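Structure, as structure tokens:
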Amino acid sequence: MRQNQRTCRSCGDEFAVNERQMERLLASPAFAPELRVSEAEYESRLAVCESCPKFHGGTTCMLCGCLVPVIAHLKSKNCPYPGGSRWAAWGEA
Ligand code: SF4
């Protein structure tokens with residue numbers, strides 16, 4: 001299965017972010033509650049990424065290099081998918 005995954009040419013598994021590092025990031029002022037989307041929107045974003053061909057290794061968007069489980073919390077971030085954000089449908093009626 002692993003051979004089917006596209007890997008980053010620069011980074012190996014040693015650059016994977018562990019849960020402790022994630023918790024430390026999310027506790028920083030950059031992730032203050034007022035800067036975050038709702039939990040429901042966060043979960044929706046993750047679900048969209050999980051079905052995206054640009055999602056790699058359960059953590060990384062291959063278009064922007066972002067750690068999706070981290071940046072999907074932020075109101076200021078958006079999906080860089082060509083032709084339009086795949087997150088855009090959230091909240092639109
Ligand atoms: S392109 Fe958008 S939907 Fe796909 S992994 Fe990146 S952020 Fe997620």
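All ligand and atom numbering here is 1-based and tracks the order in the structure. No experiment lies behind these values; they were computed from the predicted model shown.
Side chain of R45 to backbone of W87: no donor-acceptor contact under 3.5 angstrom is found. Proximity of a side-chain donor or acceptor of Y42 to a complementary backbone N or O of P69 within less than 3.5 Å is detected.
Atoms of ligand 1 lying under 4.0 Å from at least one heavy atom of C61, given by number and element, are 1 (S), 5 (S), 6 (Fe), 7 (S). Residue contact check: R86 has heavy atoms under 4.0 Å from atoms 3 (S) of ligand 1. Interface atoms of ligand 1 facing L63, defined by a heavy-atom separation under 4.0 Å, are 1 (S).
Protein heavy atom at the shortest distance from atom 4 (Fe) of ligand 1 is C52 SG, 2.4 Å. Nearest to atom 2 (Fe) of ligand 1 among the protein's heavy atoms is C79 SG, 2.2 Å.
With a cut-off of 2.8 Å, atom 8 (Fe) of ligand 1 has an N, O or S atom of C49 in range.
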Step by step, would you call H73 with L26 a side-chain contact (heavy atoms from CB on, under 4.5 Å)?
-> CA-CA 9 Å; H73 279 291; L26 294 175; 3.5 Å; yes
Passes side-chain contact (heavy atoms from CB on, under 4.5 Å), L46 versus V68? Steps please.
-> CA-CA 7 Å; L46 290 186; V68 169; 3.7 Å; yes
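For the pair I71 and C66, the tightest heavy-atom approach, listed with the atom from each and the gap, is CG1-CB, 3.7 Å.
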